[in-house]
Amino acid sequence: MTTDKYEVVLRMRAIELLAYWEGRLVTNRLMSWFGISRQQASSDIKRYNASYNPDSLIHDPSVKGYVPKAGFQPVLTTAHINEYLNMLSGIVSESHAMIATPENNLAAVQLPDRTVRPEVVREILRACRAGGCLKIIYASMSNPHWHERIISPHTLVYTGFSWHVRAYCHKSNQFKDFLLSRIERTPVIVDEVPVDSSQDQAWHDELTLHLVPNPNLSDAQKILVERDYGMPDGRLQITVRKALAHYSLQRFQAAINEDELSDALKYPLVLQANDRIKVLPTLFNHSQSSNGD
């Protein structure tokens with residue numbers, strides 16, 4: 001496939017993913033991602049609607065763009081949310097799902113993904129952008145029976161293992177993380193006074209954390225870990241939002257307590273002792289309020 005044809009396919013896939021996951025398609029997104037003119041972006045949308053997925057998009061003046069027709073189904077992508085993640089991350093390339101296609105000298109492990117429905121993503125994104133409230137039907141590990149919650153969402157978050165929405169819970173009167181896979185039915189807009197994201201202190205506060213090789217590793221193993229993570233001085237410094245500290249430490253496989261510290265092969269990195277004192281209250285609060293529990 002020539003470079004020009006490849007770029008066209010990438011733009012067609014971006015159009016499809018935006019329509020499927022966000023339920024709205026505007027030329028500005030294509031212009032900023034691909035560095036193309038408004039005329040080219042409009043032409044691409046029409047091309048997708050005529051040649052790739054005929055009459056699947058409808059122009060809606062109220063959103064100054066296109067929306068998918070009822071029953072819209074992707075034809076260039078797999079309806080896998082990781083494809084949408086890649087695009088949002090600025091990686092408009094082969095997705096997690098597509099990379100598994102056989103290719104010489106290239107392989108990838110497909111991480112397990114929880115079921116996330118596009119209609120849930122669409123409504124939550126709309127509420128995040130508009131600053132509105134939603135009624136959701138939710139279940140969690142501590143309350144596994146479906147029940148209603150009113151939330152004021154502000155950000156979708158991908159942790160590397162799951163998707164959740166950061167939102168104010170009007171029932172518990174605090175900001176929490178709600179797993180998208182645990183939202184039943186399509187969220188509904190409700191006439192409730194929303195809580196602004198500026199009040200989510202844990203979201204706006206940042207922590208600087210320092211990770212070091214697990215002291216229970218041998219000297220040779222510590223050198224390997226330092227090479228793996230690019231630690232020329234034997235220490236890795238990361239800055240994270242307080243609300244995301246727990247997820248970040250999980251991604252780095254960093255030990256934060258004595259039990260984890262003793263399993264050096266599973267936790268090759270360790271959160272520095274003075275940082276543990278700083279971050280543990282945040283992790284405790286997270287365990288109480290995460291995943292909408």
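What's counted below: heavy atoms across the whole structure, side chains too, no hydrogens, waters or symmetry copies. On a predicted model such as this, the values are computed, not experimentally measured, just so you know.
- Within 6.0 Å of atom CG in Leu224, more than 12 heavy atoms from other residues, nucleotides or ligands are found, so the atom counts as buried in its surroundings.
- Aromatic ring orientation, Phe178 versus Tyr138: perpendicular (interplanar angle above 60°, classes split at 30° and 60°).
- The nearest pair of heavy atoms linking Val120 to Pro187 is CA-CD, 3.9 Å.
- A cation-pi arrangement is found for Arg122 relative to Tyr20, the charged atom lying closer than 6.0 Å to the ring centre and inside a 45° cone about the ring normal.
- Under the 4.5 Å side-chain criterion, counting only non-hydrogen atoms from C-beta, Phe72 is in contact with Leu57.
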Exercise. Does the side chain to side chain donor-acceptor pair (under 3.5 Å) test come out yes or no for Tyr84 and Glu22, once each step is laid out?
Worked result: CA-CA 10 Å; Tyr84 177 63; Glu22 297 191 6; 2.8 Å; yes

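- Closest approach of Cys133 and Ser152 over heavy atoms only: SG-OG, 3.3 Å.
- The backbone N or O of His145 sits less than 3.5 Å from a side-chain atom of His147, completing a donor-acceptor pair.
- Going from atom CG of Asp191 over to atom NZ of Lys135 covers 13.0 Å, rounded to the nearest 0.5 Å.
- Arg38 and Thr27 share a donor-acceptor pair across their side chains, judged by distance under 3.5 Å alone.
- Separation of atoms CD (Gln250) and CG (Leu244) is listed at 11.5 Å; rounding is to 0.5 Å.
- A perpendicular orientation is assigned to the rings of Tyr168 and His170, their planes being inclined by more than 60° (bins at 30° and 60°).
- With hydrogens and angles ignored, the 3.5 Å screen pairs a side-chain donor or acceptor of Arg251 with a backbone N or O of Thr159.
- Within the 4.5 Å cutoff, the side chain of Ile238 has heavy atoms near those of the Leu211 side chain.
- Looking only at distances, no side-chain donor or acceptor of Ser42 sits under 3.5 Å from a matching main-chain atom of Gln39.
- Under the 4.5 Å side-chain heavy-atom criterion for grouping Ile, Leu, Val, Met, Phe, Trp and Tyr, Met12 is not connected to Ile58 through any hydrophobic cluster.
- No donor-acceptor contact under 3.5 angstrom links the side chains of Ser218 and Lys222, judged on distance only.
- Side-chain contact annotation: Arg166 with His164, donor-acceptor N/O pair under 3.5 Å absent.
- In this model, no donor atom of one side chain and acceptor atom of the other lie less than 3.5 Å apart for Arg276 and Asn257.
- Looking at heavy atoms from C-beta onward, Leu269 lies out of side-chain contact with Leu249 at the 4.5 angstrom threshold.
- Here the side chains of Leu134 and Val188 are not in contact, with every heavy-atom distance at 4.5 Å or above.
- Judged by distance alone, the side chain of Arg117 and the main-chain N or O of Leu180 form no donor-acceptor pair under 3.5 Å.
- The main-chain N or O of Val8 is never found under 3.5 Å from a side-chain atom of Asp44 such that the two would form a donor-acceptor pair.
- Using a 4.5 Å cut-off between side-chain heavy atoms of Ile, Leu, Val, Met, Phe, Trp and Tyr, with links allowed through other members, Ile137 and Val121 fall into different hydrophobic clusters.
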For this session: For Arg11 and Gln40, run side chain to side chain contact (heavy atoms under 4.5 Å, CB included): C-alpha distance rounded to whole Å, both residues' side-chain angles, the deciding distance at 0.1 Å, then the answer.
Result: CA-CA 11 Å; Arg11 298 203 298 270; Gln40 181 62 60; 3.6 Å; yes

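- Atoms CD and CG, from Gln253 and Leu265 in turn, are 10.5 Å apart once rounded to the nearest 0.5 Å.
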For this session: Evaluate the salt bridge (Lys or Arg N to Asp or Glu O under 4.0 Å) criterion for residues Arg241 and Glu206: first the C-alpha distance (whole Å), next the side-chain angles of each, then the deciding distance (0.1 Å), finally the verdict.
Result: CA-CA 4 Å; Arg241 297 180 186 272; Glu206 292 187 336; 5.7 Å; no

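- In terms of heavy atoms, Ala50 sits closest to Pro54 at O-CG, 3.8 Å.
- Remark: side-chain polar atoms of Ser51 are not paired, donor with acceptor, to backbone N or O of Tyr48 under 3.5 angstrom.
- The hydrophobic cluster containing Trp21 does not contain Val67, counting ILVMFWY residues as joined when their side-chain heavy atoms lie under 4.5 angstrom apart, directly or transitively.
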For this session: Under the side chain to side chain contact (heavy atoms under 4.5 Å, CB included) rule, what do Ile15 and Leu30 come out as? Steps first, then yes or no, please.
Result: CA-CA 8 Å; Ile15 287 169; Leu30 300 176; 3.7 Å; yes

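- Under the 3.5 Å distance criterion, the side-chain polar atoms of Asn216 are left unmatched by any main-chain donor or acceptor of Asp263.
- One distance of note links OG1 of Thr239 with CG of Leu209; it measures 7.5 Å at 0.5 Å rounding.
- At distances below 3.5 Å, not a single donor-acceptor pair connects side-chain atoms of Thr77 with backbone N or O atoms of Pro74.
- Contact annotation: the side chain of Val195 approaches that of Phe175 to within less than 4.5 Å [non-hydrogen atoms, C-beta and beyond].
- Connection of Met31 to Leu18 is not established within any shared hydrophobic cluster, with ILVMFWY side chains joined at heavy-atom distances below 4.5 Å, either directly or through further cluster members.
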For this session: Evaluate the salt bridge (Lys or Arg N to Asp or Glu O under 4.0 Å) criterion for residues Glu123 and Arg126: first the C-alpha distance (whole Å), next the side-chain angles of each, then the deciding distance (0.1 Å), finally the verdict.
Result: CA-CA 5 Å; Glu123 293 305 319; Arg126 287 192 185 108; 2.5 Å; yes

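- Across all non-hydrogen atoms, the minimal contact from Thr78 to Glu83 is OG1-OE1, 2.9 Å.
- In this structure the side chain of Tyr267 never reaches within 4.5 angstrom of the side chain of Ile256, judged on heavy atoms.
- Checking Glu119 against Thr186 by side-chain atom types alone, no donor-acceptor pair falls below 3.5 Å.
- Following chains of ILVMFWY side-chain contacts shorter than 4.5 Å, one cannot reach Ile223 starting from Tyr229, and the two form parts of different hydrophobic clusters.
- Taking the six-membered ring for Trp and thresholds of 30 and 60 degrees, Tyr66 and His59 have ring planes more than 60 degrees apart, a perpendicular arrangement.
- In this structure, OG1 on Thr155 lies 10.5 Å from CG on Asp177, to the nearest 0.5 angstrom.
- Side-chain atoms of Ile136 and Ile151, non-hydrogen and from C-beta on, do get closer than 4.5 Å to each other.
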For this session: Report the C-alpha distance between Ile183 and Ile124 in whole Å, list the side-chain angles of each, state the deciding distance to 0.1 Å, and finish with yes or no for side chain to side chain contact (heavy atoms under 4.5 Å, CB included).
Result: CA-CA 11 Å; Ile183 296 177; Ile124 288 176; 3.8 Å; yes

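- Put simply, the side chain of Lys242 does not reach to within 4.5 Å of the side chain of Gln201, judged on heavy atoms.
- The environment of Arg129 atom CZ is dense: over 12 non-hydrogen atoms of other residues, nucleotides or ligands sit within 6.0 angstrom.
- Interatomic distance, Leu261 CG to Glu258 CD, rounded to the nearest 0.5 Å: 5.0 Å.
- Shown here for Cys128 and His154, the closest heavy-atom pair between the two residues is SG-C, 3.5 Å.
- The two atoms that bring Ser248 and Val240 nearest to each other are OG-CG1, 3.4 Å, heavy atoms only.
- Judged purely by atom type and a 3.5 angstrom limit, Glu226 has no side-chain atom pairing as donor or acceptor with the backbone of Asp233.
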Exercise. Between Met231 and Gln237, is a side chain to side chain contact (heavy atoms under 4.5 Å, CB included) present by the stated rule, with each step listed?
Worked result: CA-CA 9 Å; Met231 306 161 69; Gln237 178 176 299; over 6 Å; no

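- A donor atom on one side chain and an acceptor atom on the other are not found under 3.5 Å apart for Ser198 and His204.
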